[in-house]
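Lettering follows sequence order; numbering is per chain, from 1.
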Amino acid sequence: GDSVTQTEGPVTVSESESLIINCTYSATSIAYPNLFWYVRYPGEGLQLLLKVITAGQKGSSRGFEATYNKETTSFHLQKASVQESDSAVYYCALGNTEGADRLTFGKGTQLIIQP
Amino acid sequence: DMKVTQMPRYLIKRMGENVLLECGQDMSHETMYWYRQDPGLGLQLIYISYDVDSNSEGDIPKGYRVSRKKREHFSLILDSAKTNQTSVYFCASSFGGRAETLYFGSGTRLTVL
């Protein structure tokens, strides 16, 4: 089946430093799945951070960006300068585009930003 | 306001008791989901509902059932809860049947003693 592997947390970064959370995927049901990053802030539900549905493209939102790399089957999340408000749990996910209707999630990476 | 609401936020039950988790959404989304997340695991899909009375098993449906009698409400039922059903449960909804943007509730932390 499909699977997603991401950086194991918690990850601690000092404010204004750069961040990368790794995500690699294995999609057995389809060659080019849709790829997503979701974020869960404390006390809230998951919400979409960004998504990319075309291999080779980059998605960006709130200063975060991720590039869909089909050669390395990766979708790493990066930010040049983190803020304390970025403290959250980040989930990488893949979606099957062939009419299926479910996402496969990674375990989530807790990000802690130190002031 | 685009919102998915889950009730209750925290719930403690004894083994063998019945459990009802409720979820509502105000976006008229056709598709709704129940996931659970355990420590060290990703979100696991329990059930999907494509519309009223149109439900489908997810990856881990055993021990659960669902009910959707109105488009805006989706319930998860545990008949005779077990301790291994202790988990955080998330409800979500989306437009149509394609898993594009999912809108999640804040979760229900269920403890089965």
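For the set B:Asp59, B:Leu43, B:Asp38, the entry with the most heavy-atom pairs within less than 4.5 Å of chain A is B:Leu43. In terms of heavy-atom pairs under 4.5 Å with chain B, the best-connected choice from A:Lys51, A:Glu8, A:Gln47 is A:Lys51.
Shown here is B:Lys3, whose NZ atom has no more than 12 heavy atoms of other residues, nucleotides or ligands within 6.0 Å.
Residues A:Lys79 and A:Gln83 share a closest heavy-atom pair of NZ-OE1, 4.2 Å.
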Under 3.5 Å, which donor-acceptor pairs link side chains of residues 8-21 of chain B to any protein atom two or more places apart or in another chain?
unit_1, atom_1, unit_2, atom_2, d
B:Arg9, NE, B:Gly107, O, 3.4
B:Glu17, OE1, B:Arg14, N, 2.9
B:Asn18, OD1, B:Ser80, N, 3.0

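Classification of B:Asp53 and B:Lys69 as a salt-bridged pair holds, one side-chain N sitting under 4.0 Å from a carboxylate O.
No part of B:Gln44 comes within reach of chain A, as not one of its non-hydrogen atoms sits under 4.5 angstrom from that chain.
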